[in-house]
Amino acid sequence: MTTPPLQRIALSTGVELDVAIAGDPAHPPVILLHGFPESHRTWRGIIPDLARDHYVVAPDQRGFARSSKPEGVEHYAADKILGDLIALADHLKIDRFTLVGHDWGGAIAWMAALGRPDRIARLVIVNAPHPYLFQRALFDEPEQRKASQYITRFRDTTIDRGLTGTGLEKFLGSTFAHHVTHAIGGADKAAYLDEWSQPGAMTAMLNWYRASGVVVPAMGEDAPRPAFLDKPFPPVTQDTLVIWGMRDSALLPVLVDDLGPYVPRLTVEKIDAGHFVPWEKPDAVVTAMRRWNI
């Protein structure tokens, strides 16, 4: 499984992204957004199939791999990253498009669908919780609160100093790779370690967590409840496919249970996989997308 050569694209938002592009620009456009701690490589088993009849665009998002890494947590707020997405589409002269997102890429995809329905025609989410349901679960579902305590650790800036060399391997082995250790090896492991070892990469990647407004209460903490949880939340208006690896130990299946009221035009495909579904089970993801008529 290989991805197309990367193109360096300077965006109007002031950052430069490496972008994998495949397929005929005359075909329907699809933009693929990866999550933490990955890159366009998330989609290496997906791009070749989609490119047969779509114009496929898969960026390394800001902070990841060799894309720009502006200094300062404020540069990783969701609105900045959403700005990159729209600027990338503008640069490539893409108007409305199908948006696919996994993990943090899925968080941006939810936000884009809600905030820019003029640009997002259809939505595919892979193991990324709806923003309202995720925040609610962090208060009301003890198991999800427990599973999300790693976010608080990621927000601790003192960990950054040790994220080099063997420290980097140890950190990712204890937080990321343990989910899929059986699948990381050889060229894959070398490629990931190369991306993670880029100057400033780990701090920039973790800054996505630090810039997020998601409240993660400590276990047993009676934290003030965010006000928006007690107000109506707008629905996602697009046709939406949610693909969920049911063995995800960080984002539990309970996060899929109550999507209907918030995503009226919803299709759910459940897959026997962990969190990193796009490269654990790429064929199953492609099958789900094709069944949904992407």
Side-chain angles (χ1 to χ4, degrees), residues 3 6 15 17-20 32-46 58-71 73 75-78 80-81 84 100-109 126-129 147-212 214 216 245 248-251 273-280 282:
T3 55
L6 294 174
V15 299
L17 303 185
D18 285 340
V19 185
L32 309 172
L33 299 181
H34 68 82
F36 176 93
E38 299 195 86
S39 66
H40 72 283
R41 288 173 47 78
T42 299
W43 310 107
R44 58 193 176 276
I46 312 294
D60 290 343
Q61 301 202 75
R62 68 163 67 194
F64 290 84
R66 288 171 171 79
S67 288
S68 293
K69 300 169 184 63
E71 290 189 22
V73 170
H75 294 291
Y76 299 88
K80 302 280 190 183
I81 299 156
D84 291 344
V100 182
H102 171 252
D103 185 74
W104 261 114
I108 299 303
V126 188
N127 282 66
S148 295
Q149 292 303 304
Y150 73 92
I151 295 175
T152 300
R153 294 196 296 276
F154 283 3
R155 287 171 168 171
D156 178 3
T157 58
T158 64
I159 68 175
D160 295 17
R161 293 192 299 272
L163 296 181
T164 58
T166 56
L168 178 62
E169 286 203 57
K170 181 179 179 182
F171 170 77
L172 288 157
S174 64
T175 57
F176 160 63
H178 77 276
H179 290 289
V180 283
T181 301
H182 64 281
I184 296 181
D188 275 341
K189 182 175 181 180
Y192 278 120
L193 286 173
D194 173 69
E195 291 174 354
W196 300 333
S197 299
Q198 295 305 306
M202 288 307 303
T203 293
M205 290 155 61
L206 291 168
N207 278 346
W208 283 55
Y209 291 93
R210 295 160 184 166
S212 167
V214 172
V216 184
D248 191 335
S249 59
L251 299 169
H275 177 69
F276 294 93
V277 193
W279 61 274
E280 286 182 68

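Small disclaimer: the values here were computed from a predicted structure and weren't measured. Values below: all heavy atoms of this structure, side chains included; hydrogens, waters and symmetry mates excluded.
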Parallel, tilted or perpendicular: ring planes of His102 versus His275, cut at 30 and 60 degrees: tilted
Minimum heavy-atom distance between Ser148 and Ala250, given as atom pair plus value: OG-O, 4.2 Å
Inter-residue atom distance Ile46.CD1 - Leu32.CG, 0.5 Å rounding: 8.5 Å
Straight-line distance of Glu71 CD to Asn207 CG, nearest 0.5 Å: 10.0 Å
Side chain Ser68, main chain Arg62, donor-acceptor under 3.5 Å: no
No-hydrogen, no-angle side-chain donor-acceptor test under 3.5 Å, Trp279 and Glu38: yes
Check: Ser39 main-chain N/O paired with Thr42 side-chain donor or acceptor under 3.5 Å: yes
Check against side-chain contact (heavy atoms from CB on, under 4.5 Å), Phe64 and Asp18: CA-CA 9 Å; Phe64 290 84; Asp18 285 340; over 6 Å; no
Atom of Leu33, atom of Pro59 and distance for their closest heavy-atom approach: CD2-CG, 3.9 Å
Inter-residue atom distance Leu251.CG - Asn127.CG, 0.5 Å rounding: 6.5 Å
Arg210 charged N/C atom sitting above Tyr76 aromatic ring, 6.0 Å / 45°: no
CD on Gln61 to CD1 on Ile81, rounded to 0.5 Å: 6.5 Å
Inter-residue atom distance His40.NE2 - His34.NE2, 0.5 Å rounding: 9.0 Å
Within-4.5 Å side-chain heavy-atom neighbours: Arg66 and Leu6: no
Closest non-hydrogen atom pair between Ala65 and Glu195, with its separation: CB-CG, 3.9 Å
Closest approach of Ala128 to Gly106 (non-hydrogen atoms, all atoms of both residues): CB-CA, 3.5 Å
side-chain contact (heavy atoms from CB on, under 4.5 Å) evaluation trace for Val15 with His75: CA-CA 10 Å; Val15 299; His75 294 291; over 6 Å; no
Point-to-point distance, once rounded to the nearest 0.5 Å, from CG of Asp156 to CD1 of Ile151: 14.0 Å
Whether Phe154 and Tyr209 hold their rings parallel, tilted or perpendicular, with breakpoints at 30° and 60°: perpendicular
